[in-house]
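Note sheet for the following structure.
Computed from heavy atoms alone, side chains included, the values below leave out hydrogens, waters and symmetry copies.
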Amino acid sequence: MMSKHGELPELAAAVLQPGFVGTSAPDWIRRWLGDGLGGVALFARNVESPAQVAALTAQLRAERADVIVAIDEEAGDVTRFESRLGSSRPGNLALGVIDDPLLTEAVARDLGCDLATAGITLDYAPDADVNNNPDNPVIGVRSFGAEPLLVARHTAAFVRGLQTFGVAGCAKHFPGHGDTSVDSHHDVPLIARTADELAARELVPFRAAIAAGVKSVMTGHLLVPAYDAELPATLSHRILTGLLREELGFDGLIVTDGIEMQGVRRRYGLAGATVRALAAGVDAICVGGDHADEQTAIELRDAIVEAVRSGELPEQRLRDAVARVRALGAWTTRTQKEAGVTHGSQPPAGLGSDVGFAAARRAVRVTRGEGAPELPIVGVPHVVEFAPPRNIAIGSETPWGIGAPLSELLPGTTAARFAAEDLEGLGDPAGAVLAGADGRPLVLVVRDVHRHRWIEDALTAVLAVRPDAIVVEMGIPVTVLGGLHVATFGATRACGLAAAELIAGANVPEPVAA
């Protein structure tokens, strides 16, 4: 079917989900919505409070009632909706450790309620990756775990809960980002598994998400030679159309991970990656984490139009993508109305954030060795937090740790934080770390000790002097050091409070034998 002369730009705009700067809708976004823009992506920079987000989404909806408003809110270490304080929920790994799918569904339902009342209609969650490589630099605690069936049952539970209030779930990062030691923000990870191995591991949670009715799937910028030895999954017709659509039977919206990530951008450029992704089977392009401006949106829209005119991108493929975008917008509008969601209202009774804090408390695990200190502690502690670099997905703006909640529970608590450069070249790192302890109870807080040699070395040196110190691991507890080791399985605000309550005496679970 031939396009009308002015129709292609509107169709091209419909498949974009750009980001923008500011806590209210800029003029260009509002203008583009009137001209066909299908959705927007919100980031931490767009969020001050739920009421402010509700006002922002009302501005967007005034221009297009079925606009898709997306956010990357995993309810864990990756949080945009609660980026200023940290998530009031524990995150996927903690939920996987508890292994109560009904609880996971309740946490996701709680999250979906909060997002829906703020006017958000698409959440780039849950993370359906099977994190079977503990050295993974970008997934880690974002995954429900390393066992495919466990990840599958919690992925499905999360999808069911989240979509209760008309917030579309998004299983990611297809076909599976768990078994990699490379961050696709910076390069192209290689998933060196056979098709049979992928079917038995990585694809299991995605099958479960599809069976649970997930409304969207996010692509991973991953090279998977078992299906395509040349193109990353985001750009691969074999993976997106052959595997996801035809073999797995998914007919919902396929959205890219950030198209400006180096996993696809370095070789193909923003425009080239966008066109190739659409041709491969993608329906919506997520952009704007870094390039949050109208000129980028113009560049991508015009590249799509030119690709259709040149024959590089079949017009029917673009129309199919637009149809899925509009269908998802209609579903979220209808479902939120049927669920009785009032944008800007308070959540229904019984679905408060307490479910997240309660879940975080259930996830805490204590490993106690011989001669370990008793809990709760006696006295006012000194807290030392070792801060490794954070990946882009987590971001640098979200607070973490237990120093702040401990100081609320035990006034007078002091805290210090060390990065690698703070301890580099010191002959006695233990001396620097212990400078503020003064013989008081000592709490050492870490994230993924096994991935950061400098943290392990510093921790070992300090424990040699203070074997009575409590070690709190807020990442994956692969390496267990210290006589008393507390694992939270995430570094969210809820996880930090759960550990602080344990140390201060408000929440003491049964210890796990060392």
| query | Can you tell me if S24 and Q59 form a side-chain donor-acceptor pair at under 3.5 Å? | reply | no
| remark: Partner of T219 under side chain to side chain contact (heavy atoms under 4.5 Å, CB included), picked from V255, V264, T256, is T256
| Between the side chain of R324 and the main-chain N/O of D251, is any donor-acceptor distance below 3.5 Å? | yes
| Sidechain-backbone polar pair: R89 side chain, V355 backbone, donor-acceptor under 3.5 Å | no
| field | Side chain proximity check, D100 to R362, heavy atoms < 4.5 angstrom | value | yes
| field | Heavy-atom side-chain proximity of I191 to P175 below 4.5 angstrom | value | no
| said: Tell me whether E260 contacts the main-chain N or O of G289 through its side chain, where contact means a donor paired with an acceptor under 3.5 Å. | reply: yes
| field | Stepwise salt bridge (Lys or Arg N to Asp or Glu O under 4.0 Å) check, R301 with D35 | value | CA-CA 12 Å; R301 180 197 63 191; D35 292 337; over 6 Å; no
| For the student: nearest non-hydrogen atoms of V151 and P205, plus distance | CG1-CG, 3.5 Å
| field | Over all atoms of both residues, closest heavy-atom pair of A152 and V204 | value | CB-CG1, 3.8 Å
| query | Can any side-chain N or O of N136 pair as donor or acceptor with the backbone N or O of H177 at less than 3.5 Å? | reply | yes
| message | Before you tell me yes or no, could you show the steps for Q336 and T121 under side chain to side chain donor-acceptor pair (under 3.5 Å), namely the whole-Å CA-CA distance, both residues' side-chain angles and the distance that decides it to 0.1 Å? | response | CA-CA 9 Å; Q336 290 196 355; T121 59; 5.8 Å; no
| said: In the structure I gave you, are the side-chain heavy atoms of D302 and E299 within less than 4.5 Å of one another anywhere? | reply: no
| task | Starting from the C-alpha separation in whole Å, work towards a yes-or-no answer on salt bridge (Lys or Arg N to Asp or Glu O under 4.0 Å) for E397 and R45. | result | CA-CA 9 Å; E397 67 279 343; R45 61 179 177 243; over 6 Å; no
| query | Is there side-chain contact between L95 and P90, with heavy atoms separated by less than 4.5 Å? | reply | yes
| task | Kindly say whether G490 contributes a backbone atom to a donor-acceptor pair with the side chain of D77 at under 3.5 angstrom? | result | no
| task | Report yes if the side chains of V141 and N92 come closer than 4.5 Å at any heavy-atom pair, otherwise no. | result | no
| Is a side-chain N or O of D448 found less than 3.5 angstrom from the main chain of I476, in a donor-acceptor match? | yes
| message | Quick test of your reading of the model: are E247 and R207 salt-bridged, counting only N-O distances below 4.0 Å? | response | yes
| said: Name the residue from R326, R319, R245 that meets the salt bridge (Lys or Arg N to Asp or Glu O under 4.0 Å) definition with D283. | reply: R245
| query | Are P50 and F81 side-chain neighbours, meaning at least one heavy-atom pair lies under 4.5 Å? | reply | yes
| field | From CG (D110) to CG (L103), nearest 0.5 Å | value | 10.5 Å
| Side-chain H-bond candidate by donor/acceptor type, S87 with T492, under 3.5 Å | no
| query | Any side-chain heavy atom of E82 within less than 4.5 Å of one from T398? | reply | no
| message | Quick one: does any side-chain atom of E473 pair with a main-chain N or O of A487 as donor and acceptor, under 3.5 Å? | response | no
| remark: Closest heavy-atom pair, Q262 versus R266, reported as atoms and distance to 0.1 Å, is OE1-CB, 3.3 Å
| message | So which atom in P126 and which in F144 form the shortest heavy-atom distance, rounded to 0.1 Å? | response | CB-CE1, 4.3 Å
| E73 and T79: side chain donor to acceptor below 3.5 Å | yes
| From H173, K172, R142, residue fulfilling side-chain hydrogen bond (donor to acceptor under 3.5 Å, both in side chains) relative to D129 | H173
| Whether T117 side chain and T342 backbone form a donor-acceptor pair below 3.5 Å | no
| Check: R361 side chain, E501 main-chain N or O, donor-acceptor pair, under 3.5 Å | no
| request: Could you tell me whether the side chain of I68 reaches within less than 4.5 Å of the side chain of Q17, counting heavy atoms only? | output: yes
| Pair E294, W32: side-chain N/O donor-acceptor within cut-off below 3.5 Å | yes
| said: Tell me if a side-chain donor or acceptor on N46 pairs with a main-chain N or O of G22 at a distance below 3.5 Å. | reply: yes
| What pair of heavy atoms forms the shortest contact from L60 to V40, and how long is it? | CD1-CG2, 3.7 Å
| What's the shortest heavy-atom distance between L93 and G145, and which atoms? | CD1-CA, 4.1 Å
